[in-house]
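Remember, it's a predicted structure, so these values are computed and weren't measured experimentally. To find a chain, count down the sequence lines: A is the first, B the second, and so on, and within it residues start at 1.
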Amino acid sequence: MKELPKAYEPKKYENDIYKRWEESGFFNPDNCEKFGLVDGAKGSFSMVLPPPNVTGTLHIGHASMLAIQDLVTRYKRMQGFRTLWLPGTDHAAIATQTKVEKLLIEKGIKDPKKELGRDKFLAEVEKFAQESHDTIIDQCKKMGSSMDWSRESYTLDEARNLAVRTVFKKMYDDGLIYRGYRLVNWCPRCKSTLADDEVEHKEQIAKLYTFKYSKDFPIAIATTRPETKLGDVAVAVSPEDVRYAKYIDQEFVIKNFGGGADLKIKIIAEAGVDTTFGTGAVGVTPAHSATDYEMAQRNDLPIIKIIDEDGLMTKEAGEKYLGKAVKVARAEVVEWLKANNLFEKEEEVPNNLSICYRCGYAIEPLPSRQWFVDVNKEFILPNSSIEGIKSSDKVTLKKLMQQVINNKQIEIIPDRFEKIYFHWINNLRDWCISRQIWYGHRIPVWYCRGLDKGKCLPGCEKPLVSVDVPQKCPNCGSVDLVQDPDTLDTWFSSGLWTFSTLGWPNKTIDLKNFHPTSLLETGYDILFFWVARMILMTTYTLGQIPFEKVYLHGLVRDEKGRKMSKSLGNVINPLDTISEFGADATRLSLLLGNTPGNDLKLSQEKVEGFRNFTNKLWNISRFMLLNIPNPKMDVKLPEAKTVSDKWILTHLSETIEDTRSNIDSYQFSLAGEKLRDFTWNELADWYLEIAKIEGGKEEILNYILNTILKLWHPFMPFVTEAIWKETYRDAELLMMQKYPDFNQKKAEEEALLFELYIVRIISKTRSLRADFKVKPSSKINALIDIAGSVFIPTVEIDQQIEKEIQEKFKFIKNNEAIIKGLGRLEHVDFSMNKFINGSHLGRGVTLALDLAGVVDLEKEKDRLQKEIESLNKYISGIESKLSNTDFVEHAPSAVIEKEKQKLAEAKEKISKISNQLK
RNA sequence: GGGCAGCUAGCUCAGUUGGUUAGAGCACCGCUUUUACACAGCGGGGGUCAAAGGUUCGAAUCCUUUGCUGCCCACCA
């Protein structure tokens, strides 16, 4: 017999337990296999950790992700799958560089990049990334994550760099990567391009200015950005617009617009122009607006770049504006328009401002020479294992991305995100992958600087794309090669994550064992950034899907549903809740009440509630251990000695089945709630109390404890492992035990009867006691009468009914001790067919408490009267249902039978109560 | 402008293919320190399931419309 401390103190156990897990080596599937803990028939289960950015520390959203993934991992591992959960971190290029720049500026370095230079600056970034990485890893461990640290990866390490270079080269050779001068999203603060989906929109009120370019110009236009008009090449009007039809195709020259350059403006017809907005005419600025750029392409118009990468006006805007900031230029253009009487009006309109998703700065669209991935170019996919795409078929990247979802090779949970995914792909444009920042994978492209400085041969201008550093120009033989200064979009390398982490481009055993991965669990907020790009990169590179299922979780919000942010001061730090309430409570509060794809509201109270539950489980075990002198680890389903045993074992069996099927269908919350109900309500509140009365339950308690620890382990690994150790001392880890299997045993009828009779009698006894304010300490007497069940509508007691009554009598009498104990009764008399006055519990059972001296007669009358009222309502509802011929004709007979039974039962009750009132 | 969710007890949410008098946790009220647990136990109150219409014998559940709330997407200059 062992005794545990009264309350569970997570701090005393968690670190040691994690250490034991880690030292066991079983986070690594190779070791599980070596020790025969893998069931060959089950195969592999693999999952990559969505690598957290090394921009800082983990927040509660990460904790939620870790809780879900660790739950699945432990569950699969306990089932005998060859289970791999592969960890790593993401260099997060722009984000990390921006962060470090900020920190250095705070330290007093005004322009860190300029002052330090590339190498020193990068060293600073790496130092920061390393520190951040260490914190992240530590936090993962604090959460109990059972990841295989021996396979840890980084999106910017050597192995991943090889994968990046190899894929880049392959895509270039297939013509899917090209270099082009095109309009890109430019962040003047980050001084880099951004992909389309890295641009966010913020609603604002903008000033809309209406004016004419010149006195002679026939059409007024409206714009929110007058300074860009210095780069206008056309005015677009709707072809339907009668006001402007006559001007279409005319050309105008505006001398010295805004005091700057001359403009050549052609009037063009564009169907997309809204005749009701502004003047119904749009000034077209191809270099600084995506829409206008497309119009220019369609109409063969020139592109005049008047804003540069620093957000300053170029000389194309005219000498007057050269080098001036955009905002300054705007004011000057407006001023000029007013001075020249061209200005018509100024009004406020709602407007969407494009901003950088990393730094929030306004995006400047501008034309630039960049590297792109062509999503529409056709190519052939050798080694295709994509269903519906043969190795000889021509495909595009877009088509690949659509196909794997269409053919259900990849399933997205919840499936509503599939629609969103398709919509995104349909609108997808070529992906700009080059970034003008320093922290990232250098683009594996070199340029020849000539055999003899600047004297290249024809053909030398072709970029030299190579996995390894090329020694000389293959065209002219020069060794004077210079690498492209740009780096790659961080999502280019994280897009390779499922296979680059498994050793690709080498043909490794890991790739064979673990790819495609089984599950990708991540937030819906990076569906496009990451999930879609992994699908793109993996299907293209391997001809394989990256994962079979995508489970998307939502955001963790505060108790009011607001996003957590430092400025609001509502951030819940997982380390704080772990330290205050324990990792298990933190995990449960993130797992339960959380449904796929939906945001979760979290409050301190919620975590507290689960801390209470952890402690409850601890105390349940504490009590059980007091009653299990010799805990045994290998358990078989024990034999039930009493009805209560049958009852609890039946419920346990159901619980195993429900837990498993809920986890299997990704309903983690339901699984946990079911387990909690069983543990707290059925086991603790009923069965353990019964065990105190009946005694002699060592074997069954041992079985139940053993089983629920296993069932709970994936949810709350620490406390279960701690109890396991206390129970079985030197035994092996709970983590590696076999997850309980549902035994197909049918629910025992007696188990149901236990609820129908015993539980009902006790509950009624308790509620009557409370109603009549009987002191809990005073034990009273009761009378229980057992008559024929109302199901047989006959007054005569034939043999069959007699037998039924006898059996029922025996059944209830057998549980007298429990009834007395839990109902706090001194003495219970049993009778047969006495039709006594009392509470009618249905099925012919009547309960009467001896309340002599305690009963307030008037109060009792009131109570009965109320009960009659409610019963009458109930009865009339059923009667009207049953008298409805439509119902009787259409409803299935089972439903009608049920209604009839309910009616009979209610009627009997009411007649008995009326009797009593007399 | 297009799309997707959500609207069920004071709060957070369950409610699987339509079929008990719609459930749980927290909070609330009353009682209890009955030796596993007061981070507990027992009992209790509380909802016309956002609104309207429709389908059906029967709707929280299916359909239509509307209203809020949130999110995503989009080239109204």
Colleague: Does B:A74 have OP1 or OP2 sitting under 4.0 Å from an N or O in the side chain of A:Asn427?
Modeller: no

Colleague: So does A:Lys907 pair up with A:Glu879, basic N to acidic O under 4.0 Å?
Modeller: yes

Colleague: Could you check which residues of residues 414-423 of chain A get a heavy atom under 4.0 Å from RNA chain B? Sort them by number, please.
Modeller: A:Arg416, A:Lys419, A:His423

Colleague: Check the orientation of A:Phe528 and A:Trp424. Use parallel for under 30°, tilted for 30 to 60°, and perpendicular for over 60°.
Modeller: parallel

Colleague: Any carboxylate oxygen within less than 4.0 angstrom of a Lys/Arg side-chain nitrogen, looking at A:Glu227 and A:Arg330?
Modeller: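 Salt bridge: yes.
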
Colleague: Tell me which pairs pass salt bridge (Lys or Arg N to Asp or Glu O under 4.0 Å) where either residue lies in residues 881-891 of chain A, with sequence neighbours left out.
Modeller: A:Lys881-A:Glu899

Colleague: When the P atoms of B:U61 and B:G53 are compared, how many Å lie between them, rounded to an integer?
Modeller: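 Straight-line distance between the two P atoms is 14 Å.
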
Colleague: Using the side-chain heavy atoms of A:Phe277, tell me which of these nucleotides is nearest: B:A77, B:C71, B:A24.
Modeller: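 Comparing B:A77, B:C71, B:A24 against the side chain of A:Phe277, the answer is B:A77.
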
Colleague: How does RNA chain B read in dot-bracket, base by base from 5' to 3', with Watson-Crick or G-U pairs under 3.5 Å and | used when the partner is on another strand?
Modeller: ((((((((.[[[[.)...(...]]]].(((((.......))))).....[[[[[..)....]]]]])))))))....

Colleague: Between B:U55 and B:G18, how far is it from one C1' atom to the other, in whole Å?
Modeller: 12 Å

Colleague: Have a look at A:Val273 and say if it touches a base, only the backbone sugar-phosphate, or nothing, with a 4.0 Å heavy-atom cut-off.
Modeller: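 Base contact.
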
Colleague: Roughly how many Å apart are B:U21 and B:A60, using the C1' atom of each and rounding to a whole number?
Modeller: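 My reading of the C1' atoms in B:A60 and B:U21 gives 15 Å.
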
Colleague: Tell me every residue that passes side chain to side chain donor-acceptor pair (under 3.5 Å) with A:Glu694, counting only those two or more places apart in sequence or in another chain.
Modeller: A:Thr642, A:Ser644, A:Lys697

Colleague: Determine the interatomic distance between P on B:A36 and the same-named atom on B:G10; round to the nearest Å.
Modeller: 38 Å

Colleague: Would you call A:Arg429-A:Glu294 a salt bridge at under 4.0 Å N-O?
Modeller: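 Counted as a salt bridge, because a side-chain N and a carboxylate O are separated by less than 4.0 Å.
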
Colleague: Closest heavy-atom contact between A:Met564 and A:Arg557?
Modeller: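 Distance-wise, the nearest heavy atoms are CE-O, 3.6 Å.
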
Colleague: Can you give one letter per nucleotide of nucleotides 10-21 of chain B, going 5' to 3': B for a protein heavy atom under 4.0 Å from the base, S for sugar-phosphate only, - for none?
Modeller: --SSS----BSB

Colleague: For A:Phe623, does the six-membered ring have the charged nitrogen or CZ of A:Lys692 within the cation-pi criterion, i.e. under 6.0 angstrom from the centroid and within 45° of the normal?
Modeller: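 Judged by the rule (NZ or CZ under 6.0 Å from the ring centre, within 45° of its axis), A:Lys692 counts as positioned above A:Phe623.
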
Colleague: Under 4.0 Å, counting only non-hydrogen atoms across every strand here, what does A:Asn351 touch: a base, just sugar-phosphate, or nothing?
Modeller: sugar-phosphate

Colleague: Give A:Trp680 one of three labels, base, sugar-phosphate or nothing, depending on what nucleic acid heavy atoms sit under 4.0 Å from its own.
Modeller: sugar-phosphate

Colleague: Charged N to carboxylate O under 4.0 angstrom, A:Lys345 versus A:Glu347?
Modeller: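 Looking at A:Lys345 and A:Glu347, the cut-off is met.
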
Colleague: Classify the angle between the aromatic ring planes of A:Tyr8 and A:Trp618 as parallel (below 30°), tilted (30 to 60°) or perpendicular (above 60°).
Modeller: tilted

Colleague: Taking atom C1' in both B:C49 and B:A24, what distance in whole Å separates the two?
Modeller: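 After rounding to an integer number of Å, I get 16 Å for this pair.
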
Colleague: What nucleotide among B:A77, B:A74, B:G25 has an atom nearest to a side-chain atom of A:Asn681?
Modeller: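 Among the listed nucleotides, the one closest to the side chain of A:Asn681 is B:G25.
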
Colleague: Using a strict 4.0 Å threshold on nitrogen-to-oxygen distance, state whether A:Asp232 and A:Lys229 make a salt bridge.
Modeller: yes

Colleague: Take A:Glu608 and A:Asp292, find for each the nucleotide of RNA chain B with the closest heavy atom, and name the residue whose nucleotide sits nearer the 5' end.
Modeller: A:Glu608

Colleague: Has A:Arg760 got its NZ or CZ under 6.0 Å from the middle of the six-membered ring of A:Trp686, at an angle within 45 degrees of the ring axis?
Modeller: no

Colleague: Given that A:Ile762 and A:Val282 both sit by RNA chain B, which one's nearest nucleotide is further toward the 5' end?
Modeller: A:Ile762

Colleague: Should the pair A:Lys601-A:Asp558 be classified as a salt bridge under the 4.0 Å nitrogen-to-oxygen rule?
Modeller: no

Colleague: Considering only B:A74, B:C39, B:C57, which nucleotide approaches the side chain of A:Asn612 most closely?
Modeller: B:C39

Colleague: Which parts of nucleotides 33-38 of chain B does protein reach within less than 4.0 Å, heavy atoms only, written one letter per nucleotide 5' to 3' as B for base, S for sugar-phosphate only and - for none?
Modeller: ---BB-

Colleague: Determine the Euclidean distance between corresponding P atoms of B:U65 and B:U48; express it in Å to zero decimal places.
Modeller: 27 Å

Colleague: Using the C1' atoms only, state how far B:G46 lies from B:C26, rounded to an integer number of Å.
Modeller: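 My reading of the C1' atoms in B:C26 and B:G46 gives 14 Å.
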
Colleague: Using atom P in both nucleotides, what's the gap between B:G3 and B:U66 to the nearest angstrom?
Modeller: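 Rounded to whole Å, the distance is 12 Å.
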
